[in-house]
Amino acid sequence: MLEGVLPVLPTPFDASGQIDEAGMARVTEFALDAGADGVVFPGVASEFDHLSAAERETLVRIVGRTLAGRRPLIVGASAATPEEVIAFCRIGKAAGATAAMVMAPASVGADPARLVAFFGTVAAEAGIDIILQNAPAPVGSGLPVAAIAEVVRAVPAIRYVKEETLPSGPRITALLEAVGDRLDGVMGGGGARYVYDELERGAVALMPAAEITDLHAALFRAYRRGDLGGARELYIRSLPLLLVQMIYRMSLTKEVLMRRGIFTSSGVRAPLPKFDAHGLAEIDMMIAEIADLLPVGAAPKLPALGDA
């Protein structure tokens, strides 16, 4: 059973733009120390579409070796063709993954018959449980609930759905009403910006980015033990940082991880806006505001605002 906080690990790059293998091991260990119930790699937040197949394989193996079975590994296996998806599923399984997260490629579209054919082919050859990731365009296809339900009924290997098309809350409710008896659960995405509503509607897990895993782990545990006020307060305190992340995406994640002593570079390959001095100062301010909720690893490295 996959549940709880399952952060999508970012890909660390060194100063020259190459993958940082030591950084990959560090961020995996950080996620565990911060209370993650498992990890996901690679996902959208990992810049998977800016990694070569060889880089993906190398990094998945590092994550699996670092985890060493202590927590579940979910391998991101999305790709343009069924053959590539199957290959990435097998790489993940060899590294210790217990499930593969897969988006339908744009070429398949939203036609239920074509979706069933695609996921059926993957399931038959990959030999691993599947999480159907439904992300909005342009990253994913933003599949209708009815189409997802038809695929889930037809492909038993799909054990979970990660619902990210907005508004995610009503869609989670609709999915559970339609095929809840055929799934082990529905998971939330969207950077955990809507996590409280998702939990209220029955989501079994959240898949945020990794920079504040310890805060998200505390939020999930508070919610599960019935401390709804505490969970709500943690959710509210997370939002300023996550609103900036909505625009700057992996750049924000990596800037925070640098300040927490996990990454040595905030470089990205994805075409994202860059922080100016004021933006970097705002990151420092937001981290300072939640520093009491970030107990894991090195103390955040916060320069004076005038030095940003």
Side-chain angles (χ1 to χ4, degrees), residues 2 4-52 54-76 88 91-92 95-97 101 189 191-192 205-218 220 238 241-242 244-245 248-270 272 283 287 290-291 293-301:
L2 297 172
V5 181
L6 307 170
V8 181
L9 302 179
T11 301
F13 300 112
D14 62 23
S16 67
Q18 301 304 304
I19 58 172
D20 177 358
E21 296 184 15
M24 193 77 250
R26 281 197 307 276
V27 76
T28 304
E29 198 67 51
F30 162 78
L32 295 189
D33 291 344
D37 297 289
V39 300
V40 183
F41 185 84
V44 175
S46 316
E47 301 171 82
F48 81 95
D49 49 347
H50 294 276
L51 297 172
S52 69
E55 288 174 328
R56 284 175 71 161
E57 180 171 0
T58 295
L59 294 170
V60 166
R61 292 185 186 280
I62 290 170
V63 174
R65 186 168 62 244
T66 304
L67 286 174
R70 290 175 290 168
R71 295 287 188 279
L73 165 60
I74 299 162
V75 65
F88 287 131
I91 288 167
M101 185 167 69
L206 53 150
M207 286 188 181
E211 70 273 13
I212 53 172
T213 296
D214 27 14
L215 188 159
H216 283 134
F220 185 84
S238 74
L241 195 71
L242 297 184
V244 176
Q245 184 206 70
Y248 290 90
R249 306 297 303 279
M250 294 70 83
S251 291
L252 182 280
T253 294
K254 294 180 181 185
E255 288 288 349
V256 174
L257 289 171
M258 280 186 62
R259 285 154 172 76
R260 301 196 68 181
I262 311 303
F263 278 7
T264 59
S265 168
S266 61
V268 297
R269 290 180 180 174
L272 294 167
I283 292 174
I287 294 175
I290 59 172
L293 304 174
L294 308 177
V296 178
K301 299 174 181 177

Pairs touching residues 37-48 that satisfy salt bridge (Lys or Arg N to Asp or Glu O under 4.0 Å), sequence neighbours left out: Asp37-Arg221, Glu47-Lys254
Qualifying salt bridge (Lys or Arg N to Asp or Glu O under 4.0 Å) pairs, either residue in residues 60-71, two or more places apart: Glu29-Arg70, Glu57-Arg61
Glu21: partners by salt bridge (Lys or Arg N to Asp or Glu O under 4.0 Å), with sequence neighbours left out: none
Contacts of type salt bridge (Lys or Arg N to Asp or Glu O under 4.0 Å), residue Arg269, not counting sequence neighbours: Glu55
Which heavy atom in [X] sits nearest to a heavy atom in [Y], and how many Å separate them?
X: Phe88; Y: Val75; answer: O-CG2, 4.0 Å
X: Ala217; Y: Ala34; answer: CB-O, 3.6 Å
X: Gly76; Y: Arg56; answer: O-NH2, 3.1 Å
X: Pro7; Y: Ala36; answer: CD-CB, 3.6 Å
X: Ala31; Y: Thr213; answer: O-CG2, 3.9 Å
X: Val8; Y: Ala45; answer: CG1-CB, 3.9 Å

Separation of [Y] [atom2] from [X] [atom1] (nearest 0.5 Å):
X: Ile212; Y: Leu242; atom1: CD1; atom2: CG; result: 4.5 Å
X: Thr253; Y: Leu9; atom1: OG1; atom2: CG; result: 10.5 Å
X: Met207; Y: Met101; atom1: CE; atom2: CE; result: 5.0 Å
X: Leu293; Y: Ile287; atom1: CG; atom2: CD1; result: 12.5 Å
X: Ile283; Y: Leu252; atom1: CD1; atom2: CG; result: 5.0 Å
X: Leu6; Y: His216; atom1: CG; atom2: NE2; result: 12.5 Å

Would you mind reporting whether [Y] and [X] have side-chain heavy atoms less than 4.5 Å apart?
X: Phe30; Y: Leu257; result: yes
X: Tyr248; Y: Glu255; result: no
X: Leu2; Y: Pro72; result: yes
X: Met250; Y: Leu272; result: yes
X: Leu51; Y: Ile19; result: yes

Pairing residues for Asp214 by the side-chain hydrogen bond (donor to acceptor under 3.5 Å, both in side chains) criterion, not counting sequence neighbours: Arg260
Worked verdict on Val268 versus His50 for side-chain contact (heavy atoms from CB on, under 4.5 Å): CA-CA 9 Å; Val268 297; His50 294 276; over 6 Å; no
Other residues, nucleotides, ligands: >12 heavy atoms within 6.0 Å of Arg26 CZ: yes
By ring pair (Phe, Tyr, Trp, His ring centres under 6.0 Å) - contacts of Phe48 (at least two apart): none
Expected output: side-chain Ser46 to main-chain Thr11 donor-acceptor under 3.5 Å: no
